[in-house]
Amino acid sequence: MAIQAVRGMKDVFAPEVRKWQFIETAAREVFAAFGFQEIRVPALEKTELFARSIGEATDIVEKEMYTFADRSGESLTLRPEATAGVLRAYIEHKLYASPGPHKLYTIGPMFRHERPQKGRLRQFHQLDVEVLDDQGPQTDAELMVMLAHLLGRLGLAKVTLMLNSLGCPDCRPAFREALIAFLAGKREMLCEDCRRRLSTNPLRVLDCKSEGCKKAVEGAPKILDHICEGCRDHFRGVQSFLSLANVSFQINPWLVRGLDYYVRTTFEAVTGDLGAQNAVAGGGRYDGLVEQLGGPAQGGIGFGAGLERLALLIEDKPEWQDGPGLFFAATGDQPRALAFLMAQKLRQAGYWTEMTSEDKSLKAQLRKANKDGARLVVFLGDEELQKDKAQVKSMADGHQVEIEMGGLGHFFMNFDQAQADAGMEDTLWEAFFDSLRPLMRS
RNA sequence: GUGGCUGUAGCUCAGCUGGUUAGAGCGCCAGGUUGUGGCCCUGGAGGCCGUGGGUUCAAAUCCCAUCAGCCACCCCA
């Protein structure tokens, strides 16, 4: 039996790849306009990096990582998210030494060992954006504005921006206590996971989708009522900058997210068009994380957007289906050789040019040209060489005109191998191109 | 990690109360006379019926396992 791809890992072919390129191009342009620099970091990191950044008690670290010992026995992990690796690189190369803020982005594969389904792969790809050495609410807003620009460029109107604040190390513990106290009385209503979360990560109970937990959470204290003055100001600032930029958002006090390092702002771009999955992008602020990973005490914020999920939401565009501009239909050895030479010249000049690799019937060559979506077909046969004129047909309307080959035909009939290295006269090619150019433009 | 559904030609699928050479549509290739595509007509190629095992005189069809996909839970991008 032939070998199959690893579960949850997909091959991506031509039409889909064009969609990815469209997304990546849009992203690069939007990010560049906001002053972001691309960086490329490894997909493989020491396991400890993720354990220390994402959090030991998170689902990702507990059960979703591709972790293994390499040949020297060191524990390595395929990155489940991008932030940790970017921060590691930032700290390792002391990028923090130059004045901030540092705006970075990276695009690449992430790995999580989950059960695959629609919009959920074991290897998936993210556009990941980070701003380091910055604490102000303006930056939080700016990141979301940038995300909105990108979604706009991609034509995704049915995406909602959800926003929340998780407080900071100063105010969250008090809220945490209040929440635990509240939930303690409703312990029997909670699902098994949430009973465990009660001690490990009680905020996550707020985000649980199980019926009992949703009910238990009704009337629970809200983080937004408990955050400190500093966090409150920050959150207000974020909102006012968003409003200033006319980016609409929805405050969702239950938006908690699965990574431990978030403080203050968290946000998620959600849609109803992805089956059970709803997030196309998500992120938040992580002041303190850089320090925790061995760098200076600098603030930071970032988000990741799922390439596959974005692609699922985007419709194919006809212009992605382009065919060659020129197609040579040549019959006979000499005309075929000339067509071969012409095709190389045209390709060198940047024109997508095709011909069949075998001497098939004219009809078959035309069929191929049609299937490829060629715009113009150039007929070359012995007769054309004799007359030094080629027939050029527009495939869209069937119109056919005769063009001068500017001596190419005659030259080529007297062309022998001894002269091949000398090349053909540039002026002959110029003349031929001059005949062809107006047709290629129309 | 849990549960449900599915796996037959390149693609979408039919066939599955077990029984002659496994079908269709689309796609592909070739022809419909002299050097011209699309539409139409004709012909052709192409299938370890996901894989392995079992039941049976006989398995695409029934049973088990396994792999993969889809859907949901969970989680998130």
Side-chain angles (χ1 to χ4, degrees), chain A residues 1-10 13 23 54 58-64 79-83 107-129 147 159 191-194 197 204 207-211 213 255-259 266 268-271 274-283 302-313 323 327 329-332 335 356 358-384 390-400:
Chain A
M1 170 118 164
I3 295 172
Q4 295 180 309
V6 174
R7 180 169 206 196
M9 315 228 163
K10 280 177 87 169
F13 297 103
I23 295 169
I54 298 170
T58 57
D59 282 11
I60 292 177
V61 173
E62 271 182 355
K63 52 195 187 195
E64 293 175 1
R79 61 176 177 193
E81 57 98 45
T83 303
I107 301 177
M110 309 295 153
F111 303 82
R112 289 183 202 172
H113 193 107
E114 297 186 273
R115 190 94 173 245
Q117 66 186 74
K118 189 185 187 73
R120 195 171 84 182
L121 287 307
R122 286 184 171 181
Q123 175 176 335
F124 58 101
H125 298 76
Q126 275 189 355
L127 313 169
D128 183 81
V129 172
L147 177 58
V159 176
C191 70
E192 207 178 308
D193 286 333
C194 283
R197 284 171 183 149
R204 306 243 39 206
D207 199 31
C208 186
K209 276 101 186 170
S210 90
E211 280 308 311
C213 299
L255 182 65
V256 171
R257 305 191 49 75
L259 294 81
T266 57
E268 217 167 80
V270 298
T271 174
L274 284 173
Q277 275 58 244
N278 62 8
V280 291
F303 72 80
L307 204 37
E308 284 86 352
R309 290 188 182 177
L310 289 172
L312 280 173
L313 297 174
F327 194 105
T331 49
T356 60
E358 290 168 74
D359 195 3
K360 297 186 173 194
S361 73
L362 243 207
K363 186 194 276 270
Q365 295 188 47
L366 261 289
R367 261 204 287 265
K368 171 82 172 139
N370 185 53
K371 265 182 310 223
D372 285 1
R375 287 186 53 219
L376 298 175
V377 170
V378 181
F379 292 92
L380 278 185
D382 290 324
E383 198 181 318
E384 277 77 10
Q391 300 288 323
V392 181
K393 177 171 184 165
S394 161
M395 293 300 275
D397 54 22
H399 277 309
Q400 192 162 318

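Just the heavy atoms: all of them, side chains too, but no hydrogens, waters or symmetry mates, feed the values below.
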- C26(B) versus G53(B) - spacing of their P atoms, nearest Å: 38 Å
- Does any donor-acceptor pair link the side chain of E62(A) with the base of G1(B) at a separation under 3.5 Å? no
- Task: Kindly compute the distance separating CD (Q391(A)) from CD (Q400(A)), expressed to the nearest 0.5 Å.
- Result: 5.0 Å
- Message: Under 4.0 Å, counting only non-hydrogen atoms across every strand here, what does Q123(A) touch: a base, just sugar-phosphate, or nothing?
- Response: nothing
- Spacing of I3(A) atom CD1 relative to U51(B) atom P, expressed in whole Å: 16 Å
- Interatomic distance at P, A24(B) relative to G46(B), whole Å: 14 Å
- If you measure from the P atom in C28(B) to the same atom in A60(B), how many Å do you get, rounded? 31 Å
- Message: So G332(A), base contact, sugar-phosphate only, or nothing? Heavy-atom distance under 4.0 Å.
- Response: nothing
- Query: How does each nucleotide of nucleotides 70-77 of chain B score, in 5' to 3' order, for protein heavy atoms under 4.0 Å: base (B), sugar-phosphate only (S), or none (-)?
  - Reply: -SBBBBBB
- Task: Could you measure between the two C1' atoms, the one in C16(B) and the one in C74(B), and give it in whole Å?
- Result: 35 Å
- Interatomic distance where NZ belongs to K371(A) and C1' belongs to C11(B) [whole Å]: 16 Å
- Message: Work out how far the C1' atom of A9(B) is from that of G15(B), and round it to whole angstrom.
- Response: 14 Å
- Message: Among G37(B), C67(B), C29(B), which nucleotide has an atom closest to any side-chain atom of K393(A)?
- Response: G37(B)
- Task: Among the candidates G35(B), A30(B), G38(B), find the nucleotide nearest to the side-chain atoms of F379(A).
- Result: G35(B)
- Query: Mind checking the P distance from G27(B) to C40(B)? Whole angstroms is fine.
  - Reply: 8 Å
